[in-house]
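In this chain, residues are counted from 1 in sequence order.
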Amino acid sequence: MRQILLSLLVSIPLVACSTKETPGHHHESAASTQAPAAAPPPTDAPQDRAASTRPHADHNARHGGLVTMEGDNHVEVVVGADGAIDLYVSDAIRTPIPPKDVSGTITIEPKGKGEKQTLTLAPNEAKGSLSAKGPAPDNADYTWDLKVRGAPMKMTLTVPANGTAAFADAAADHHPAGDHAHGSPHGGVVQSLAGGHVEVKLEKTGDITVWMLDSAEKPRSAKGVTASLRPVVAGAKETQLAYDEKADVLRGKIDPVKQDHVDGVLSITPAGGTATSLRFAFHLEGRAGHDHAGHDHHAGH
């Protein structure tokens with residue numbers, strides 16, 4: 001009998017506790033002992049989804065090359081270190097255009113030794129590209145002359161010794177996911193360079209300014225630096241930049257820029273250093289000249 005009474009005394013508080021719980025309390029306690037629910041899969045931000053359907057808003061490389069634009073069409077150019085050439089053609093919103101709808105040639109013109117040659121581009125249905133095999137790249141001009149669904153598309157790109165992978169590496173380095181994020185001390189676009197950084201600013205007027213920066217993105221002298229810039233737009237030529245001793249920068253000028261998004265390839269040799277080619281992606285929306293309220297803090301495409 002004594003044991004029965006003890007059992008009842010022990011069980012009564014337990015029952016009392018359960019009857020004083022607030023509605024839903026038991027459910028929450030149980031849920032807290034379970035593993036947390038899996039997070040929903042990431043989705044594109046609204047602005048990303050909008051950009052994917054906005055003409056000329058996406059210049060990101062999808063095959064490790066460099067994206068160029070003329071009219072309503074884009075071409076991503078991929079040149080391998082072994083000389084393999086692949087051109088991926090897409091429309092205004094980067095929807096791939098079948099290789100059967102494109103034809104053309106690519107001309108390779110070395111800046112040093114070597115002969116100029118023109119190769120016929122053949123459809124590669126497996127890759128979805130127009131392809132050819134040329135010599136190993138070594139700072140040569142590659143000019144593609146295409147008919148894209150009847151529309152002409154011709155452009156020139158200077159490709160360094162390692163091929164277009166050098167451009168992709170430079171763009172990744174400038175992205176926050178790379179080794180470090182870069183600032184924009186003068187409103188231009190910054191890339192890493194041996195011993196520090198280089199900043200390039202392109203205006204819609206066609207004016208180009210190049211600053212040499214140290215590892216902390218502080219100014220350093222541009223004296224003795226040689227450089228040229230080729231915008232990757234139809235008909236653009238490589239422009240040699242001159243040293244401005246008073247401002248301690250490099251300057252140059254091209255024809256006024258009509259596009260809002262322009263890629264450019266900077267060939268630069270620091271004083272006592274080695275030649276390097278870097279890709280820069282310029283976003284020029286709303287720029288009419290040198291003086292403007294907003295600065296360009298965009299990274300490379």
Side-chain angles (χ1 to χ4, degrees), residues 52 54-111 114-160 163-168 171 229-238 254-255 257-265 277 279-282 301:
S52 65
R54 192 168 66 247
H56 311 302
D58 177 8
H59 284 182
N60 293 320
R62 299 176 182 173
H63 306 278
L66 188 141
V67 177
T68 66
M69 178 186 73
E70 183 177 354
D72 279 334
N73 294 319
H74 296 82
V75 173
E76 181 175 352
V77 185
V78 181
V79 180
D82 62 351
I85 304 167
D86 293 297
L87 272 60
Y88 298 87
V89 186
S90 55
D91 64 14
I93 59 173
R94 299 296 305 282
T95 301
I97 294 176
K100 64 181 180 63
D101 293 345
V102 186
S103 61
T105 61
I106 189 161
T107 299
I108 306 170
E109 186 172 3
K111 292 187 177 182
E115 296 183 359
K116 177 179 177 180
Q117 57 179 304
T118 299
L119 307 172
T120 299
L121 294 162
N124 186 326
E125 298 295 341
K127 287 185 174 181
S129 65
L130 290 177
S131 303
K133 182 64 184 295
D138 187 13
N139 198 35
D141 284 345
Y142 285 64
T143 301
W144 53 98
D145 191 348
L146 307 178
K147 282 290 182 69
V148 182
R149 292 173 173 167
M153 188 170 186
K154 185 175 182 178
M155 206 169 296
T156 300
L157 174 68
T158 302
V159 180
T164 52
F167 302 138
L229 181 76
R230 181 194 290 277
V232 191
V233 295
K237 296 183 178 180
E238 191 167 17
I254 60 173
D255 292 334
V257 181
K258 298 178 181 179
Q259 296 91 337
D260 285 336
H261 302 162
V262 177
D263 277 5
V265 175
S277 293
R279 169 207 169 197
F280 287 80
F282 302 103
H301 296 293

Contacts of type side-chain contact (heavy atoms from CB on, under 4.5 Å), residue K258, not counting sequence neighbours: none
For the residue pair [X] and [Y], establish whether any side-chain heavy-atom pair is separated by less than 4.5 Å.
X    : Y    : value
V75  : M155 : no
R149 : I97  : yes
Y88  : K127 : yes
S131 : I85  : no
T143 : E109 : no
K100 : P123 : no
V102 : L87  : no
W144 : T68  : yes

Could you tell me the separation between the [atom1] atom of [X] and the [atom2] atom of [Y], rounded to the nearest 0.5 Å?
X    : Y    : atom1 : atom2 : value
K111 : E238 : NZ    : CD    : 3.0 Å
F282 : D263 : CZ    : CG    : 8.5 Å
Q117 : I106 : CD    : CD1   : 10.5 Å
T105 : L121 : OG1   : CG    : 6.5 Å
S129 : H63  : OG    : NE2   : 8.0 Å

Results of salt bridge (Lys or Arg N to Asp or Glu O under 4.0 Å) for D255 - residues two or more places apart only: none
Heavy atoms of other groups near E125 CD, more than 12 under 6.0 Å: yes
Exercise: identify the closest heavy-atom pair between [X] and [Y]:
X    : Y    : result
L229 : P231 : O-CD, 3.8 Å
V159 : P137 : CG1-CB, 3.9 Å
G104 : L146 : CA-CD2, 4.1 Å
G64  : E76  : N-OE2, 3.3 Å
L119 : K133 : CD1-O, 3.6 Å
N73  : A151 : ND2-CB, 4.5 Å

Worked check of side chain to side chain contact (heavy atoms under 4.5 Å, CB included) between D101 and V148: CA-CA 6 Å; D101 293 345; V148 182; over 6 Å; no
V265 vs L66, side chain to side chain contact (heavy atoms under 4.5 Å, CB included): CA-CA, chis, key distance, verdict: CA-CA 10 Å; V265 175; L66 188 141; 4.2 Å; yes
